[in-house]
2 protein chains.
Amino acid sequence: MNRVRLSDVAKKAGVHTATASRALNPAARHEVNADTVRRVEQAARRLGYVPNTLARGLRTSRSFVVALVVPDITNALFPPIVRGAERVLARAGYTLVLTDTNNDPDTERSQISAMRARGVDGFIVATARWVDPVVSDLAETGIPTVLVNRRDAAGTLPYVGGDDRRGMQLCVEHLADLGHIAIMHLAGPNNTSTGRERTAAFRTAIRGQGLPSAGSVVECSAFTEEAGAAAAHALLEKAVPCTALVAANDLLAIGALEALAERGLRCPDDISVTGYNDISFVSRLTPPLTTVGVPLRLMGELAAGALLDWIANPNSHTAVQTLLPVEFMLRGTTAAADQVKTPARRVRDNRERAVG
Amino acid sequence: MNRVRLSDVAKKAGVHTATASRALNPAARHEVNADTVRRVEQAARRLGYVPNTLARGLRTSRSFVVALVVPDITNALFPPIVRGAERVLARAGYTLVLTDTNNDPDTERSQISAMRARGVDGFIVATARWVDPVVSDLAETGIPTVLVNRRDAAGTLPYVGGDDRRGMQLCVEHLADLGHIAIMHLAGPNNTSTGRERTAAFRTAIRGQGLPSAGSVVECSAFTEEAGAAAAHALLEKAVPCTALVAANDLLAIGALEALAERGLRCPDDISVTGYNDISFVSRLTPPLTTVGVPLRLMGELAAGALLDWIANPNSHTAVQTLLPVEFMLRGTTAAADQVKTPARRVRDNRERAVG
DNA sequence: GTGAAAGCGCTAACAC
DNA sequence: GTGTTAGCGCTTTCAC
């Protein structure tokens, strides 16, 4: 730990510890003689004084630590968010502690309570489920908390996310423009806001295009490749006629792509696929995934900013919901519908091939 | 923060704070009447007591916080390491603070000093350069620190990494078995242990196969796709005859693949490429990248374990260098040399095509 | 403008 | 086995 304490600095500068404290504290510096300030600063520099954040925190009950809760840092969606948040926090003199909950509510709960014991000044939560007791508890305690990427049903906490409705609309419009009629949605889990909202947006967009929406949504059990593959397999197994698949996120899309490949269907020649989020490597797939770009890093930055705001002004805070603009990324997994001669038949044929 | 303090618990249990402290501390529980322990525990539970880690840390000068320093969390190499470390630390009651240095030594220095001010109990450093003043300073202060993924020249700190020599040997052997003679190494930067060691291992392996090693190494300026692409372009530009490229990591390999594609060369038909690390998505490229699998997550776990060991036994620690076994991942980017009829010519021809 | 004194919540000697 | 006392390093009234 630090050898040199504030009292050492004070002694060297020939002042009382209290004065040294004031001199070094930007907020109190003005109530100290300018010359004294200089002396203290010099002493501090010479001694290599580094304030003990723990002691300060104990006294002020501010730790200058913020916890970021992610379900799985290994999921490429989160690193950019973490990075953005870290940057903003570090600049403001805050430290970020990361907790990976492994997608497990129990872990999440215990981790969050450990963080609270640590006296963190606030939380950025990227794990919110639609109905989420852990988040509700956090909201109730009044500890500054902002939701990122996913929000919860209560809507009482500030939230920073992408404009899901717009993103889905762009996907559906694009496919409709390409002449697709039978468009299916590989939906995200219903217990996440992203799952729900993208599904709702999908439905709205489909109707907006005057397309039939009945039975066009399949819910996946999780935002994973496996779930995407399973859903796509089920779809193909039932020979649901469709020429385009709108996945609720990139992982789901990748899983679907795999399932298609396994069944000998080609993308986009036989079926078009879109993803969502534009996570780091999907542009390198063959063909590159058509998806919706979400400003992940900016999301992290803004979430951190909102949290710092709340921490700085504990009273005047409001549950602002920030929706960031998204960008449609036209790449290789979508193609004109008329390339597929008889969509329904093709799928059916293929199924017979795969099964037989 | 926490409303309920230890003194509240003590009062409710009808004992002194010190007794309550002992009762709640596993290490001191035995010196307290079993019945008292029960009473205190019950009171604590009923009151929802959560110990204040800051206060404890101030008193014991242990914070139960460990800092993990990464150059860029957005690089797919690091999330698995972070995840492994986090898991082990959380289980042991430690909290992980993450610092992303953005690959910048100055940021690194200031972040580390901020962490020290926080009284972190130790560091896991994934940013070490071969000659690294920041790491040397850390080593000098004696604060528990373990290096992961990369080590430094001094070798005075415990280190957990993959067996680079073995990994490179596997790559070279594989290519030699495939009949490749002219094998080039896209080397990592010389100021990282991974760059240096893989290069040395490459040379050794090449010689071991009785192949010509002169001029077969090109150093890349960084472990990035851009650097890999630039190096590959330079190579092709000079029409260096070669049928196989051994990249020092996956990002370099991807960059090289891009460069090849731009010049109309196909992999593996025209040239074989290997990567290193098997980061998350390289198995999904087309063709999937032949690479060396490194147990990244285990690396994180073991690094965290070594650090906890050191923290627990500050005196009996040694600078153990742990080399984890690696696994050769044979995938699609390598093929038999005789598929390429006249390697040197093909490259040269191609260059003319590209240039002319 | 500066010093004195108290205390954040906890643990570790030291008594008894 | 349990209570007393002191103090981790800092900030913050309150005097002066």
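Convention: sequence-line order gives letters A, B, ...; per-chain numbering from 1.
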How long is the line joining [atom1] of [X] and [atom2] of [N], in whole Å?
X: B:Arg62; N: D:dG9; atom1: CZ; atom2: C1'; value: 19 Å
X: A:Arg59; N: C:dC8; atom1: CZ; atom2: C1'; value: 6 Å
X: B:Leu6; N: C:dC8; atom1: CG; atom2: P; value: 13 Å
X: A:Asn52; N: C:dG9; atom1: CG; atom2: C1'; value: 14 Å
X: A:Arg38; N: C:dG1; atom1: CZ; atom2: C1'; value: 15 Å
X: B:Arg39; N: D:dG1; atom1: CZ; atom2: C1'; value: 12 Å
X: B:Arg56; N: C:dA12; atom1: CZ; atom2: P; value: 9 Å
X: B:Leu58; N: C:dA12; atom1: CG; atom2: P; value: 12 Å

If you measure from the Lys or Arg side-chain nitrogens to the Asp or Glu carboxylate oxygens, is any gap between [X] and [Y] under 4.0 Å?
X: A:Arg83; Y: B:Asp72; result: yes
X: A:Asp106; Y: A:Arg109; result: no
X: A:Arg38; Y: A:Asp35; result: yes

Problem - Contact check, side chains of B:Ile73 and A:Ile73, non-hydrogen atoms, under 4.5 Å - result: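 They are in contact (side-chain heavy atoms under 4.5 Å apart), so the answer is yes.
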Open item on the list: It should be established whether A:Tyr49 places a side-chain nitrogen or oxygen under 4.0 Å from OP1 or OP2 of nucleotide D:dC10.
Closed with: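 Checking A:Tyr49 against D:dC10: at least one side-chain N or O falls below 4.0 Å of OP1 or OP2.
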Residues from residues 13-37 of chain B lying under 4.0 Å of DNA chain C - heavy atoms: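 Hits under 4.0 Å, by residue number: B:Ala18, B:Ser21, B:Arg22.
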Derivation of the salt bridge (charged side-chain N to carboxylate O under 4.0 Å, His left out) call for A:Asp8 and A:Lys11
CA-CA 5 Å; A:Asp8 299 330; A:Lys11 196 156 69 180; 5.2 Å; no
Q: Indicate yes or no for a side-chain donor-acceptor contact from A:Thr99 to the backbone of A:Leu68 under 3.5 Å, with no hydrogens or angles considered.
A: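 Yes; at least one donor-acceptor contact below 3.5 Å.
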For the backbone of B:Ala117 and the side chain of A:Thr53, can you confirm whether one donor and one acceptor N or O come within less than 3.5 Å of each other?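 Here the side-chain-to-backbone pair exists.
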State, to the nearest 10°, the angle formed by the axis through the first five base pairs of the helix from C:dG1-D:dC16 to C:dC16-D:dG1 and the axis through its last five.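 For the helix from C:dG1-D:dC16 to C:dC16-D:dG1, the axes at opposite ends meet at about 40°.
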request  = Scan for ring pair (Phe, Tyr, Trp, His ring centres under 6.0 Å) pairs involving residues 49-104 of chain A, sequence neighbours excluded, and state none if there are none.
outcome  =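 Pairs touching residues 49-104 of chain A that pass the test: A:Phe64-A:Tyr94.
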Return the minimal non-hydrogen interatomic distance between B:Pro71 and B:Thr101, and the atom names on each side.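 In this case the closest contact between B:Pro71 and B:Thr101 is CA-OG1, 3.5 Å.
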